[in-house]
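Letters A, B, ... are given to chains in the order of the sequence lines, protein chains preceding strands, and every chain is numbered from 1. Since this is a predicted model, take the numbers as computed values, not measurements.
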There are 2 protein chains.
Amino acid sequence: MDQLSATFAALADPTRRAILARLTEGPATVKELSEPFDISGPAISKHLRVLEKAGLITRGREAQWRPCQLDATPLKEVAVWAENYRRFWDASYTRLDALLTELKETEQ
Amino acid sequence: MDQLSATFAALADPTRRAILARLTEGPATVKELSEPFDISGPAISKHLRVLEKAGLITRGREAQWRPCQLDATPLKEVAVWAENYRRFWDASYTRLDALLTELKETEQ
DNA sequence: GGGTTAAATAACCTGTGGGTTAAGTAAGCG
DNA sequence: CGCTTACTTAACCCACAGGTTATTTAACCC
């Protein structure tokens, strides 16, 4: 699976997006991250593994804790990818497109 | 499934992203869209249904053709969502964060 | 009407995603 | 050493995603 697909797949789950949001406030342990959800520890571990494989988090080791930290690098790729479609949602670009089309027609 | 999750899930597949890229060049029929891939028609139909449910394409009806058209609106949501993480990948923001932290510490 | 083309639907297979519980690993602590 | 805490791994379940082939629907064309 390519990098971008892995990133999108990781982001498709609300729990994982919530984990990323929490990590914007700073590093956290697995226990802390699991607090807001009523799903089991192993389920959280799996989510973290997906995020780690997608390169969205890095993990440390401090005694019996495995602190997680956000790595937003892949999100830059997402932003860049989405930006390429800006002209298709942006109204001013749409008007520009219409203008260009019109010009092209009058040329012929 | 919420809108954002549906969008990310739709974007997680490379075939579907390729279809969106093709549709930036203008509307296309199902046949035309399936041309570049060596997967069956029904498989393409399923991909299109996913894209349609995510609101990324709209479909018309012209005789026996069902032309597909790009609707990038959900991609704006993606861009906005990703932009919220800009300060975590942008180096200058990182330096700003460091500066703010430093300031906060000297205040105490 | 009969044949052809475009596309969707149905039925099926297989892999994987997200969840569970139970057991294992690893570190702190009395 | 033995107990507790933090976390992972293993084994399992079920739903769904992505693919297939075969069939159906719908429209055009002769």
From CZ of F37(A) across to C1' of dG19(C) the rounded distance in Å is 15 Å

### Query
Is any side-chain nitrogen or oxygen of S45(B) closer than 4.0 Å to OP1 or OP2 of dA8(C)?
yes

- Item | Side-chain N,O (R59(B)) to OP1/OP2 (dA7(C)) below 4.0 Å | no

K53(A) NZ to dG18(C) P, in whole Å, measures 13 Å

On a heavy-atom basis, the closest approach of A54(A) and A10(A) is CB-CB, 4.0 Å

Test side-chain contact (heavy atoms from CB on, under 4.5 Å) applied to L33(A) and C68(A), step by step = CA-CA 9 Å; L33(A) 290 175; C68(A) 299; 3.9 Å; yes

CD1 of I44(B) to NZ of K46(B), rounded to nearest 0.5 Å, is 12.0 Å

Rounded to whole Å, CZ of R66(B) lies from C1' of dT24(D) at a distance of 12 Å

Here the distance between atom P of dA6(C) and atom CG of L48(B), to the nearest Å, is 15 Å

Quiz item: Would you say dG17(C) has OP1 or OP2 under 4.0 Å from some side-chain N or O of H47(A)?
Solution: no

When you measure from the side-chain N and O atoms of S40(B) to the phosphate of dG19(D), is any distance below 4.0 Å, counting only OP1 and OP2?
no

I57(B) CD1 to dA8(C) C1', in whole Å, measures 14 Å

Looking only at dA22(D), dT20(C), dG19(D), the nucleotide nearest the P42(B) side chain is dA22(D)

Open item on the list: Check the phosphate of dG18(C) against K46(A), side-chain N and O only, distance under 4.0 Å to OP1 or OP2. Yes or no?
Closed with: no

Interatomic distance, OG1@T24(B) vs CZ@F88(A), rounded to 0.5 Å, equals 4.5 Å

Open item on the list: Show, in sequence, the C-alpha distance, side-chain angles and deciding distance for H47(B) and I39(B), and conclude whether the side-chain contact (heavy atoms from CB on, under 4.5 Å) test is met.
Closed with: CA-CA 11 Å; H47(B) 282 306; I39(B) 60 180; 4.2 Å; yes

Checking dG18(D), dT9(C), dT9(D) against the side chain of R16(B) (C-beta onward), the nearest is dG18(D)

One would report the end-axis bend of the helix from dG1(C)-dC30(D) to dG30(C)-dC1(D), five pairs per end and rounded to 10 degrees, as 10°

Atom CZ of F8(A) and atom P of dG18(D) are separated, to the nearest Å, by 14 Å

The side-chain contact (heavy atoms from CB on, under 4.5 Å) partner of L56(B) among L11(B), L23(B), D71(B), L48(B) is L11(B)

Check nucleotides 27-30 of chain C against the protein and report each pair of N or O atoms closer than 3.5 Å, with its distance, or say if there are none.
{"unit_1": "dG28(C)", "atom_1": "O4'", "unit_2": "Q64(A)", "atom_2": "NE2", "d": "3.4"}

Between A12(A) and E32(B), whichever has its closest DNA chain C nucleotide further toward 5' is E32(B)

Smallest heavy-atom separation, Y85(A) atom then R17(B) atom, equals OH-O, 4.1 Å

From CD1 of I44(B) across to P of dA8(C) the rounded distance in Å is 11 Å

Separation of dA6(C) atom P from K31(B) atom NZ, nearest Å, is 4 Å

*Heavy atoms of other groups near E62(B) CD, more than 12 under 6.0 Å*: no

NZ (K53(B)) and CE (M1(B)) are apart, to the nearest 0.5 Å, by 9.5 Å

- Query: Is the CZ atom of R59(A) crowded by more than 12 outside heavy atoms at less than 6.0 Å?
  - Reply: yes

